[in-house]
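Chain identifiers are assigned alphabetically (A, B, ...) following the order of the sequence lines, protein sequences preceding nucleic acid strands; residue numbering begins at 1 within each chain.
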Number of protein chains: 2
Amino acid sequence: MVKRTSFENDDCPIARSLDAIGDWWSLLIIREALFGSRRFGEFQKSLGLAKNILTVRLRALVDQGILKLAPASDGSAYQEYLLTPKGRGVFPILVALRQWSEEFDDHPAEIATILVDKEKGRPVRKLELYSQDGRLLTAADTALKPRRDSKSSRKLRSISA
Amino acid sequence: MVKRTSFENDDCPIARSLDAIGDWWSLLIIREALFGSRRFGEFQKSLGLAKNILTVRLRALVDQGILKLAPASDGSAYQEYLLTPKGRGVFPILVALRQWSEEFDDHPAEIATILVDKEKGRPVRKLELYSQDGRLLTAADTALKPRRDSKSSRKLRSISA
DNA sequence: CTATCTGGTTTCATAATGCAACTACACAGG
DNA sequence: CCTGTGTAGTTGCATTATGAAACCAGATAG
């Protein structure tokens with residue numbers, strides 16, 4: 001490295017997401033925030049990470065517009081970290097990660113929690129990907145097309161799944 | 001760190017996934033594999049990462065059953081890296097990361113590709129999460145339940161989205 | 001039989017991460 | 001007013017991960 005490779009100028013949206021939240025702690029911080037953690041100390045205790053790392057991560061997440069700082073809601077003079085819409089938009093990523101573990105982990109018995117639908121308390125279904133006309137798609141049914149495609153470049157990179 | 005924190009014994013499935021594929025390169029390697037890359041050199045050229053790093057990552061992915069080694073299909077004496085079902089199961093995670101960039105990235109114009117349905121060539125819809133009885137769910141409609149829940153522990157950790 | 005390709009390994013420098021100790025401010029009680 | 005506790009960090013130092021570039025051995029190509 002000498003300097004950790006940054007993907008922020010990569011034209012692949014996956015690389016861009018990873019550049020923003022692809023480190024060891026950011027997604028877990030966002031997970032905790034979705035569960036209601038707001039204060040520095042809450043994140044620190046629930047995740048058990050070093051405070052200096054948490055400081056750096058929280059600042060980065062605020063800089064990226066994933067969290068925002070707000071005056072504390074409990075009357076104290078401190079402040080709290082709240083999710084922005086961009087931060088809440090991470091939810092499907094967390095669900096995808098969770099479901100991958102549930103399906104393929106070697107020791108699923110050690111998984112402690114299940115994501116349920118709040119109204120009925122029943123487990124949710126797997127994430128589904130549909131075409132615009134409503135067909136359920138698998139990886140093999142999709143392809144990548146260059147944006148701003150001139151009709152000429154009709155080369156679709158097929159996803160061989 | 002002194003020793004990078006491992007999440008593999010964490011009981012959170014998200015942490016477990018991150019422990020397996022949450023580093024800087026694994027997801028991009030899997031992305032390339034989904035597009036058809038099979039050989040060491042292909043990964044190295046398309047991703048532009050150092051060969052020593054690629055060596056370590058590929059070995060880890062094989063150890064985890066995400067890739068498997070097979071004799072080269074082109075007749076040469078070399079071998080190639082193929083995705084296992086577990087590896088192909090990463091697809092929804094990549095889609096979720098892609099869609100998050102597409103929706104929230106500050107410079108969406110720089111995103112080069114669009115995921116389309118192969119049959120019609122039209123962009124896919126966003127990933128959807130449904131309850132078992134078919135209601136479309138948002139983060140706010142979900143909660144976490146402990147696994148093997150005794151009826152007593154009816155405390156659902158609500159997701160405050 | 002030499003040259004090149006493939007798939008690495010080795011060496012060295014630098015960046016990221018972790019733990020622990022320290023600081024600064026707010027508030028609560030006596 | 002003084003002390004203690006909680007919050008939210010910062011600083012120093014040690015260890016690990018990552019990267020660039022050089023090196024290397026076995027296949028393959030000419």
Residue Phe40(A), side-chain atoms from C-beta onward, closest of dG8(C), dA27(D), dG9(D):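 It is dG9(D).
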Relative to the 5' end of DNA chain C, which residue comes earlier, Trp25(A) or Ala77(A), by the nucleotide with the nearest heavy atom?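 Going by which nucleotide is closer to the 5' end, it is Trp25(A).
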Holding to salt bridge (Lys or Arg N to Asp or Glu O under 4.0 Å), I want the full list of residues that pass it with Asp133(A), two or more places apart in sequence or in another chain.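 For Asp133(A), the residues satisfying salt bridge (Lys or Arg N to Asp or Glu O under 4.0 Å) (neighbours in sequence not counted) are Arg135(A), Lys120(B).
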All salt bridge (Lys or Arg N to Asp or Glu O under 4.0 Å) counterparts of Glu42(B), not counting sequence neighbours: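 In terms of salt bridge (Lys or Arg N to Asp or Glu O under 4.0 Å), with neighbours along the sequence ignored, Glu42(B) is linked to no residue.
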Rounded to whole Å, how long is the line connecting atom [atom1] of [X] with atom [atom2] of [N]?
| X | N | atom1 | atom2 | value |
| --- | --- | --- | --- | --- |
| Asp23(A) | dT17(C) | CG | P | 7 Å |
| Glu42(A) | dG6(D) | CD | C1' | 13 Å |
| Glu80(B) | dG8(C) | CD | C1' | 17 Å |
| Ile29(B) | dT18(D) | CD1 | P | 11 Å |
| Leu67(B) | dG7(C) | CG | P | 14 Å |

Does the separation of the ring centres of Trp25(B) and Phe7(A) fall below 6.0 angstrom?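 They qualify: ring centres under 6.0 Å apart.
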side-chain N/O [X] vs [N] OP1/OP2, d < 4.0 Å:
| X | N | value |
| --- | --- | --- |
| Arg39(A) | dT7(D) | no |
| Arg38(A) | dA8(D) | no |
| Arg59(A) | dT10(D) | yes |

Is Tyr81(A) close to Arg38(A) at the side-chain level, that is, under 4.5 Å between some pair of heavy atoms?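 No, side chains not in contact.
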Any N or O donor-acceptor pair under 3.5 Å from the base of dG26(D) to the side chain of Tyr78(B)?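 Counting by modelled atom types and ignoring angles, a donor-acceptor contact under 3.5 Å is found here.
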Is it the case that dG7(C) (base atoms only) and Tyr81(B) (side chain only) share a donor and an acceptor within less than 3.5 Å, ignoring hydrogens and angles?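 Such a pair does not exist between side chain and base.
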Counting any heavy atom closer than 4.0 Å, what does Gln79(A) reach on the DNA or RNA strands: base, sugar-phosphate only, or nothing?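 Sugar-phosphate contact only.
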So, using side chain to side chain donor-acceptor pair (under 3.5 Å) as the criterion, who are the partners of Tyr78(A) when residues are at least two apart?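 If we apply the side chain to side chain donor-acceptor pair (under 3.5 Å) test to Tyr78(A), skipping adjacent residues, there are no hits.
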Got a sec, which residues hit side-chain contact (heavy atoms from CB on, under 4.5 Å) with Gln99(B), two or more places apart in sequence or on another chain?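 In terms of side-chain contact (heavy atoms from CB on, under 4.5 Å), with neighbours along the sequence ignored, Gln99(B) is linked to Leu129(A), Val95(B), Glu102(B), Val124(B), Lys126(B), Leu127(B).
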Does any residue of residues 46-58 of chain A have a heavy atom under 4.0 Å from DNA chain D, and if so, which ones, in number order?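 When residues 46-58 of chain A is checked for heavy atoms under 4.0 Å from DNA chain D, the hits, listed by number, are Lys51(A), Asn52(A), Thr55(A).
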Side-chain donor-acceptor distances from residues 104-115 of chain B under 3.5 Å, at least two apart:
unit_1, atom_1, unit_2, atom_2, d
Asp105(B), OD1, Arg16(A), NH1, 3.0
Asp105(B), OD1, His107(B), N, 2.6
Asp105(B), OD2, Arg16(A), NH1, 3.0
Glu110(B), OE1, Arg16(A), NH2, 2.3
Thr113(B), OG1, Arg98(B), NH2, 2.9

